[in-house]
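Here's the structure we're looking at; comments come further down.
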Amino acid sequence: MIFPKCILFAIMSQEIRVRFAPSPTGYLHVGGARTALFNWLFAKHHGGKFILRIEDTDRQRSTEAAIKAIFQGMEWLGMEWDEGPKIGGAYGPYFQTERLATYKEYIEKLLTTGKAYYCFCTPEELDQQRKEAAERKEAPRYNGKCRKLTDQEIETLLKSGKPYVIRFRLPQEGTTVIHDLVKGDVSFENELLDDFVIMKSDGFPTYNFAAVVDDSLMKITHVIRGEDHISNTPRQILLYEALGLPMPQFGHIPMILGTDRSRLSKRHGATSVIEYRDLGYLPEAMVNYLARLGWSHGDQEIFSREQLIELFSLDRVAKTGAIFDTEKLKWLNSLYIRQSLPERIYDLAMPFLEKAFETYNKLDKEKTGIEYIMKVIQILQDRLVLIADISYLAQYFFDDHIEYDPQAKEKYFTNPKAKEYLERIKAELEKLSGFTKPEIEAAFKGLAKEMGIKLGEIIHPTRLALTGRSESPGIYDVVEILGKEKVTARLQAALETM
RNA sequence: GGCCCUAUGGUCUAAUGGCUAGGACGCGACCCUCUCAAGGUCGAGUUACGGGUUCGAUCCCCGUUAGGGCUACCA
């Protein structure tokens, strides 16, 4: 009884530490964002720490702009990190290029114990080897030429200034098995792996080496990453063992796919989370969608951030790749828009409206007060799928030039009675002392009753006259918001075309 | 080619060795209704294929097929 309790305590006292470790070679794409999200949720769920580490060892492809874009994406989705760039932490620095001395130290360790060696083969030689292996239909592996270099030879080669890399002397027998938290046990034969490079000729470590050293030194307990890394994992496990460093647990989550089931990429459309922001998606919709893509909790579809934290667990993560479905994302987005405070939608919609104003350049900005815009937004909020939709849906509230939809015009303005209806409703509305929804509604209903016709007979042509369209929010609302002056003018303008 | 992973409607998924395989998105119809949305009701549509194991397989095993990933001095 006592013994298991001790173990339990030891396990519980270990703080959960996970990391998201993007390489800054582009924007934060949705696949990366989901990996980050799963890590973030895992950390929050366990009351642990979420660490951001920038893997910028590829000097050719890493950019400052990409680093900023990643921060921006993380911030938009509300995934703040507990340790990492900007805020630091006890296990920094959090940029790999600032950790070179550490890597050298561990490379040195491997070198002195004979677990790594210098390799002077040129890229051309290696290319040649790969080609030959391909012709023989063999796995392209490093042939181990420099494995057996003597100290003497190395000394001379080093002195001659010949470029070199450091390779890991990988055990050539045995099996390496990953106890994966998502996939279960996955095993690899070591003999199929080769002596991979751990330090490049520019002195920078390779991904597999740097990740191992950092994850271990940063006390990462769980490495949760994309499935595309699973075949790197045996190499990394072997490195942990060679370095004598403590090993985290692994969980490999499935890929996000495009509509053709290949890995999601640019040709499938928007892939950067920031693009989705700019299209008018809400971060909570994106978080909800991403969380639910490859993870589930029974039948539940809608999750608040708090619920996700409470419910998230790796054993509910699916094993299959999932197609990114914009339609479902849109559905969630419209849902979250409807649940938002109008004030928030106002803030989000304003940039779109301003841009649209520029385009139309027909706006009477003087008369367009915040109050008016707020009313427009309140009436339109429930019909937005994307915030960007506001530009189109709100157009006739800001643009006095009404173009009549040809089909609607055919349907509603060619009716011989339509002209009479419009004249009558115009007169009724003009008579109104106030111009509020109840009065407007009464005017419409009164007129319909008086003329013995259906309400729609008046409403449809009126809608077309005021908006140019056959669909809009409730007509009384539209009339009220537009105000007597515009309504009268637009009705008059319509009458003149008939 | 080699290695690894995966396989439930179009899509995301639930279920479990055992009632008519559940939900959601999308789609269709109807209701509501001044239109369009929203909402409500209903509907069409699925366990990749072939073998086993079993009284019974979506579920367990094998094979086939299909898809994905990796196969760099990228990460």
Side-chain angles (χ1 to χ4, degrees), chain A residues 21-25 55-58 60-62 96 119 121-123 126-127 130 133-141 163-167 178 180 182-184 186-189 192-194 196-208 210-211 225-234 252 254-255 257 259-263 289 292-302 316 318-332 334-335 338 380 382-385 393 408 412 444 448 454-460 462-464 467 469-476:
Chain A
S23 62
T25 55
E55 306 213 325
D56 53 353
T57 54
D58 184 341
Q60 263 71 50
R61 298 198 304 148
S62 298
Q96 288 189 324
C119 171
C121 295
T122 64
L126 296 173
D127 265 359
R130 264 191 290 275
E135 274 164 27
R136 289 194 306 267
K137 296 197 188 267
E138 283 173 14
R141 308 169 62 244
Y164 64 89
V165 299
I166 309 288
R167 284 183 187 273
I178 308 169
D180 195 275
V182 176
K183 304 255 175 200
V186 182
S187 49
F188 295 83
E189 296 303 322
L192 265 11
L193 274 20
D194 68 350
F196 59 93
V197 173
I198 55 177
M199 195 185 85
K200 301 179 258 183
S201 55
D202 62 3
F204 282 65
T206 58
Y207 160 73
N208 277 316
R225 67 201 349 172
E227 192 180 14
D228 48 337
H229 286 294
I230 201 156
S231 28
N232 282 318
T233 307
H252 288 92
M255 306 273 85
L257 315 174
T259 42
D260 61 357
R261 291 218 152 262
S262 70
R263 187 211 208 99
Y289 179 72
R292 191 58 190 63
L293 194 62
W295 173 84
S296 62
H297 182 261
D299 283 344
Q300 193 172 341
E301 296 286 350
I302 313 298
R316 300 298 311 174
K319 292 185 176 73
T320 16
I323 293 176
F324 191 85
D325 179 12
T326 318
E327 288 307 313
K328 191 163 181 183
L329 212 208
K330 281 183 182 169
W331 167 70
L332 280 167
S334 66
L335 203 92
R338 277 179 266 138
L380 258 17
D382 286 1
R383 337 168 83 82
L384 298 176
V385 173
L393 291 179
Y412 299 122
F444 272 90
K454 284 196 285 185
L455 254 178
E457 298 283 319
I458 310 172
I459 285 176
H460 295 307
T462 304
R463 168 174 289 115
L464 183 59
T467 69
R469 303 173 188 180
S470 57
E471 72 285 336
S472 80
I475 196 68
Y476 313 131

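Every chain is numbered from 1 and lettered A, B, ... according to where its sequence line falls, protein lines coming before strand lines. Remember, predicted model here, so these are calculated numbers, not experimental data. Side chains are part of it too, since the values below use all heavy atoms of this structure and drop only hydrogens, waters and symmetry mates.
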Atom pairs, protein N/O to nucleotides 45-47 of chain B N/O, distance under 3.5 Å:
none

Heavy-atom contacts, protein to nucleotides 21-31 of chain B, under 4.0 Å, summarised as B (base), S (sugar-phosphate only) or - (none) per nt, yield -BBBS------

Once each nucleotide of nucleotides 70-75 of chain B is scored for protein heavy atoms under 4.0 Å, what B/S/- sequence comes out, 5' to 3'?
-> SSSBBB

Any residue meeting side chain to side chain contact (heavy atoms under 4.5 Å, CB included) with A:Glu457, in chain and number order, not counting sequence neighbours = A:Asn415, A:Tyr421, A:Ile453, A:Lys454

Residues in ring-ring contact (aromatic ring centres under 6.0 Å, His included) with A:Phe196, at least two apart?
-> A:Phe168

Using side chain to side chain donor-acceptor pair (under 3.5 Å) as the criterion, list what pairs up with A:Tyr164, not counting sequence neighbours.
-> none

Toward the 5' end of RNA chain B, by each residue's nearest nucleotide, A:Asp382 or A:Trp295 | A:Trp295

Out of B:C12, B:U35, B:A14, whichever nucleotide has its closest atom nearest the side chain of A:Ala322 | B:C12

Residues forming a side chain to side chain donor-acceptor pair (under 3.5 Å) with A:Arg61, sequence neighbours excluded = A:Asp58

Kindly write out the residues that satisfy ring-ring contact (aromatic ring centres under 6.0 Å, His included) with A:Phe444, not counting sequence neighbours, or none if the list is empty.
-> A:Tyr476

By side chain to side chain donor-acceptor pair (under 3.5 Å), A:Asp194 pairs with (sequence neighbours left out) none

Nearest 0.5 Å please: distance from the CD atom of A:Gln300 over to the CZ atom of A:Arg292.
-> 9.0 Å

Base, sugar-phosphate, or nothing for A:Arg316, non-hydrogen atoms under 4.0 angstrom?
-> sugar-phosphate

Sequence-distant partners of A:Arg167, side chain to side chain donor-acceptor pair (under 3.5 Å), two or more places apart = none

Quick one: side chain to side chain contact (heavy atoms under 4.5 Å, CB included) partners of A:Leu192, sequence neighbours excluded?
-> A:Glu189

With sequence neighbours left out, the residues meeting side chain to side chain contact (heavy atoms under 4.5 Å, CB included) with A:Ser472 are A:Tyr396, A:Arg463, A:Thr467, A:Val478

